[in-house]
J.: 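Have a look at this one before I ask anything.
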Amino acid sequence: MVLGTRKGTSSCFCLSLTNLITVTMFSCAAIANSRHQAQTAAFGSLLAKVPTKSSRTSPRRLLAPCAFTQAPSCRPPRLLVSPVSTSTTLYVSSSTAAPSTSTATTVPARLKVRDILINGDDSLIGQRVTVKGWTRTIRSQKTFSFIEINDGSSLGGLQVVADAEKVCDYEAVLSKIHTGAALGVVGVIKASPGKGQKYEVAAESVEVVGGCDPEAYPLQKKRHTLEFLRGIAHLRPRTNTLAAVARVRSALAFATHNFFQEQGFYYLQSPIITASDCEGAGEMFRVTTLPDKVSELPRVEGEEDRIDYSHDFFGAPAYLTVSGQLSGEAYACAMGDVYTFGPTFRAENSQTTRHLAEFNMIEPEMAFADLQDNMRNAEAYVKAIVRHVLKECEEDLAFFEKFYDKTLMARLNTLVSESFARVEYTEAVRLLQEEIAKDRGAWQFPDVDFGTDLQTEHERWLCEKKFQRATFVYNYPREIKAFYMRDNEDGKTVAAMDLLVPGVGELIGGSQREERLGRLEAKLEEFGLDKEDYWWYLDLRRFGSVPHSGYGLGFERLVCYVTGVENIREAIAFPRTPGSATF
């Protein structure tokens, strides 16, 4: 047994009981006072039998880290039983002037703020708990203080009431607590008499885990602009908006995996580095290990203005992928149904509120499936994940509706309760032409004809005004869609579809893939793509080709739709945009 003392603190005896005694652990709420007293007596007898330091033969086997020391004036000495690894450690907190009797209790378990305020009920009242988080606000008085602590698990913070007569070194501790400081609080849950909160914690001890300089901390108790917060992206998750976005985003990701797994899909981690341009747009980030100095770059023999990438790491030009679709097709043509969910990149020099250079795509691929199967799956998926968020993120969605989109809940509930509309592209163009003719000046892009790539204002009118619900537009002109989309028999359109949703416009883009080898080879040539770069993709059509379909959903755009946040840079933790890759 080792005795460690520090000035101003009580002594702390630490004894590992792995080879001496088996201690059964009980929760604090379940142990009656009589049992506390019995355990105290039992442990007192045991400690009296422990050999002194001079008589120990193997001291290291009995040592455990000292903890839970308290100043003598805080409370009576305590016996704390806490699990350490696979053994059980006994902690005895005592001062030199301690009385002969003490009170035994178990270490209070840590609860998240969400488990108290949202998931908790009145059965929690009276329980001792540990709460840890960051200070949102503090109101101090001479004899007590109100501290709002938030650990990121919920929108609202938990009120901690610190009484000067109960909290050790009250004035010294409170002087270190400012907005942003990290705290550890042990106390008892009580019914709160205040408005807007059902429970609070009456503190027994407050520990400043990490201080925060109030003069330097950039987040104060006021509303900051979202643009300002992007400049401190490492701290912005501590704000209500960005923390709520992160929680909704997490719920959407969970629901995505859950939906596809329940549908029998297999999760595929598609490569980030690729030699193929899936979209054929050429807006890709190059990956290279070639030297920085221009004079040292290898050149193609006879063509001094061209770099010889055969000397590069991969022996050929390589890029960050814009899509995991082609990889998904390969596995779908072997395993039936797969989906990818991961980062994709596009070197598009755009500063709009809808574009990122790095974003995440959800891309299912289904073998033996046509365009109708594709749309059915997409509708079921979107409804499932939105339904999950409505159930699990009620508090956060209420916040977004209050501050960002007054129609949010109505939109989301309509989406899950009504079937999606379907309209062919040709018919959609006709409907738009009729509407635009009423007042061309009301439209930014009034010219709409067959072959027009529909703009956001066109998409939103179709789903918000005309059909007033989520809408599939399908059978698009072949010249405005990608090379891999299956040609329809009319020779003018491809079996492609876009899902348009109110408030956003396009949310999903998909198609039936071209499974006919001859047709696909002809389209590669038509789009100016080298067949040698797609030799393996063509092999899928040579060996057991089947009809198959898939779609892609931009995850950050989905987050914007579900939260009502307009700028996609708030839908991702650390946005990558032209001229900005900080953090």
J.: State, yes or no, whether a side-chain contact exists between V382 and V501 at a heavy-atom distance under 4.5 Å.
T.: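 Heavy-atom side-chain distance check fails, nothing below 4.5 Å.
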J.: Is the Y534 ring parallel, tilted or perpendicular to the F483 ring (thresholds 30°, 60°)?
T.: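 It falls in the perpendicular class, over 60°.
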J.: If we count only N and O atoms by modelled type, under 3.5 Å, do the side chains of E283 and Y319 hold a donor and an acceptor together?
T.: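 No donor-acceptor contact under 3.5 Å links the two side chains.
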J.: Looking at I307, is its backbone amide N or carbonyl O close enough to the side chain of H311 to form a donor-acceptor pair, meaning the two atoms are under 3.5 Å apart?
T.: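 Answer holds: no.
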J.: A quick test of your reading: do over 12 heavy atoms of other residues, nucleotides or ligands sit less than 6.0 Å from CH2 of W535?
T.: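 Open: at most 12 neighbouring heavy atoms sit under 6.0 Å from CH2 of W535.
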J.: Can you run down the ring pair (Phe, Tyr, Trp, His ring centres under 6.0 Å) pairs that involve residues 537-575, sequence neighbours left out, and say none if there aren't any?
T.: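 Matches after skipping sequence neighbours: F341-F555.
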J.: Whether the side chain of D370 engages the backbone of D373 through a donor-acceptor N/O pair (distance < 3.5 Å, no angle test) should be reported.
T.: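 Looks like yes, one N/O pair under 3.5 Å.
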J.: Measuring from N377:CG to Q372:CD, what's the distance to the nearest 0.5 Å?
T.: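 One finds 13.0 Å between CG of N377 and CD of Q372.
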J.: Would the distance check show the side chain of Q512 and the main-chain N or O of A369 forming a donor-acceptor pair, the cut-off being under 3.5 Å?
T.: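 No, because the side chain of Q512 does not come within donor-acceptor range (under 3.5 Å) of the backbone of A369.
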J.: Any side-chain to backbone donor/acceptor pair from K383 onto E418? Under 3.5 Å, distance only.
T.: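 Present.
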J.: The criterion is side chain to side chain donor-acceptor pair (under 3.5 Å); which residues satisfy it with T225, sequence neighbours excluded?
T.: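 Expected list: none.
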J.: Any side-chain heavy atom of L432 within less than 4.5 Å of one from W443?
T.: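 Result yes, sub-4.5 Å side-chain heavy-atom pair found.
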J.: Is the OH atom of Y404 crowded by more than 12 outside heavy atoms at less than 6.0 Å?
T.: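 Check passes, neighbour count above 12.
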J.: Between S580 (side chain) and T577 (backbone), is there a donor-acceptor pair under 3.5 Å?
T.: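 Flag not set: sc S580 to bb T577 has no pair under 3.5 Å.
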J.: Determine whether a donor-acceptor pair (N or O, by modelled atom type, separation under 3.5 Å) exists between the side chain of E514 and the backbone of D487.
T.: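 Confirmed, E514 side chain pairs with D487 backbone.
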J.: Output yes when K481 and D498 qualify as a salt bridge under the 4.0 Å nitrogen-oxygen rule, no when they do not.
T.: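 Salt bridge: yes.
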J.: Does one side chain, of E570 or T241, offer a donor that lies under 3.5 Å from an acceptor on the other?
T.: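 Distance-only check fails for E570 and T241.
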J.: Compute the ring centroids of F260 and Y381, then answer whether they are less than 6.0 Å apart.
T.: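 Between Y381 and F260, which both carry aromatic rings, the centre distance is below 6.0 Å.
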J.: To the nearest 0.5 angstrom, please state how far the CG atom of L226 sits from the CG atom of L242.
T.: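 Answer for the CG-CG pair, L226 versus L242, is 7.0 Å.
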J.: In terms of side-chain heavy atoms, does T493 have a donor or acceptor partner in N488 at a distance below 3.5 Å?
T.: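 The answer is yes; a qualifying pair exists.
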J.: Looking at residues at least two apart in the chain, or sitting in another chain, which of them share a side chain to side chain donor-acceptor pair (under 3.5 Å) with H388?
T.: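 If we apply the side chain to side chain donor-acceptor pair (under 3.5 Å) test to H388, skipping adjacent residues, there are no hits.
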J.: Can you tell me if Q455 uses its side chain to pair, donor with acceptor, with the backbone of D453 under 3.5 Å?
T.: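 Answer holds: yes.
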J.: Should the heavy atoms of other residues, nucleotides or ligands under 6.0 Å from CZ of F368 be counted, would the total exceed 12?
T.: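 It does not: F368 CZ has 12 such atoms or fewer within range.
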J.: Can you tell whether the side chains of R516 and E489 come within less than 4.0 Å, N to carboxylate O?
T.: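 Yes, charged N to carboxylate O under 4.0 Å.
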J.: Between Y474 and Y425, is the ring centroid distance below 6.0 Å?
T.: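 Not under 6.0 Å, so no.
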J.: Using the salt bridge (Lys or Arg N to Asp or Glu O under 4.0 Å) rule, take E227 and R569 through it: C-alpha gap first, then chi angles, then the decisive distance, then the call.
T.: CA-CA 9 Å; E227 184 177 5; R569 300 180 192 193; over 6 Å; no
J.: Among M497, E424, K492, E427, which one satisfies side-chain contact (heavy atoms from CB on, under 4.5 Å) with N475?
T.: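 Only one of M497, E424, K492, E427 forms a side-chain contact (heavy atoms from CB on, under 4.5 Å) with N475, namely E424.
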J.: Starting from the C-alpha separation in whole Å, work towards a yes-or-no answer on salt bridge (Lys or Arg N to Asp or Glu O under 4.0 Å) for E457 and R460.
T.: CA-CA 5 Å; E457 64 174 344; R460 293 188 63 173; over 6 Å; no
J.: Do side-chain atoms of T274 reach the backbone of T321 as a donor and acceptor pair under 3.5 angstrom?
T.: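 Checked: no pair found.
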J.: Keeping D312 on the side-chain end and T289 on the backbone end, is there a donor-acceptor pair under 3.5 Å?
T.: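 Flag set: sc D312 to bb T289 pair under 3.5 Å.
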J.: Can you confirm whether T288 sits close enough to F313 that some side-chain heavy atom of one is under 4.5 Å from a side-chain heavy atom of the other?
T.: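 When only atoms from C-beta onward are counted, F313 and T288 do not touch, as no gap falls below 4.5 Å.
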J.: Any sub-3.5 Å donor-acceptor pair from E459's side-chain atoms to E506's backbone N or O?
T.: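 A pair under 3.5 Å: yes.
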J.: How about N374 and R513: does a side-chain donor come under 3.5 Å of a side-chain acceptor?
T.: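 On atom types as modelled, these side chains do not qualify, holding no pair under 3.5 Å.
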J.: Run the salt-bridge test on E392 and R247 with the 4.0 Å N-O cut-off and return the result as yes or no.
T.: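 No salt bridge links E392 with R247.
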J.: I'd like to know if R542 and E521 make a salt bridge, using a cut-off of under 4.0 Å between side-chain N and carboxylate O.
T.: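 Yes, R542 and E521 are salt-bridged.
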J.: More than 12 heavy atoms of other residues, nucleotides or ligands under 6.0 Å from CD of E532: is that the case?
T.: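 Count not over threshold, so no.
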J.: Ion pair present between K531 and E525, side-chain N to carboxylate O less than 4.0 angstrom?
T.: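 Result for this pair is no, no salt bridge flagged.
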J.: Could you check whether any side-chain heavy atom of S419 comes within less than 4.5 Å of a side-chain heavy atom of E379, counting everything from C-beta outward?
T.: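 Contact flag for S419/E379 side chains = yes.
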J.: Check the pair R557, R354 against side chain to side chain contact (heavy atoms under 4.5 Å, CB included), reporting the backbone distance first and the verdict last.
T.: CA-CA 7 Å; R557 191 167 292 184; R354 293 165 55 89; 3.1 Å; yes
J.: Kindly determine whether E395 and S154 satisfy side-chain hydrogen bond (donor to acceptor under 3.5 Å, both in side chains), including the steps that lead there.
T.: CA-CA 8 Å; E395 180 188 38; S154 69; 4.7 Å; no
J.: Please report the interatomic distance CG(L268) to OG(S327), rounded to the nearest 0.5 Å.
T.: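 So the CG of L268 and the OG of S327 are separated by 6.5 Å.
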J.: Answer yes or no: does atom CZ of F228 have more than 12 heavy-atom neighbours from other residues, nucleotides or ligands under 6.0 Å?
T.: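 Enclosed.
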J.: Is it true that the side chains of Y484 and E329 contain a donor and an acceptor less than 3.5 Å apart?
T.: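 Distance-only check fails for Y484 and E329.
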J.: So, R299 and E303, do they make that salt bridge, N to O below 4.0 Å?
T.: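 Salt bridge: no.
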J.: With rounding to the nearest 0.5 angstrom, report the CD to CZ distance, E401 to R411.
T.: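 These two atoms lie 9.5 Å from each other.
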J.: Return the minimal non-hydrogen interatomic distance between A367 and D337, and the atom names on each side.
T.: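 Smallest interatomic distance, heavy atoms only, reads N-OD1, 3.7 Å.
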J.: Can you classify the ring geometry of F345 versus F285 as parallel (below 30°), tilted (30 to 60°) or perpendicular (above 60°)?
T.: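 Judged by the thresholds at 30° and 60°, the geometry between F345 and F285 is perpendicular.
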J.: Could K523 and E526 be called an ion pair, given the rule that one side-chain N must be under 4.0 Å from one carboxylate O?
T.: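 No, no charged N to carboxylate O under 4.0 Å.
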J.: Does W134 CH2 have over 12 foreign heavy atoms under 6.0 Å away?
T.: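 Not buried by this count: 12 neighbours or fewer within 6.0 Å.
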J.: If you draw a 6.0 Å radius around CG in D213, do more than 12 non-hydrogen atoms from other residues or ligands fall strictly inside?
T.: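 Result for CG/D213: enclosed.
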J.: Please check if the number of heavy atoms outside Q351 that lie under 6.0 Å from its CD is greater than 12.
T.: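 For Q351, atom CD is crowded (more than 12 foreign heavy atoms under 6.0 Å).
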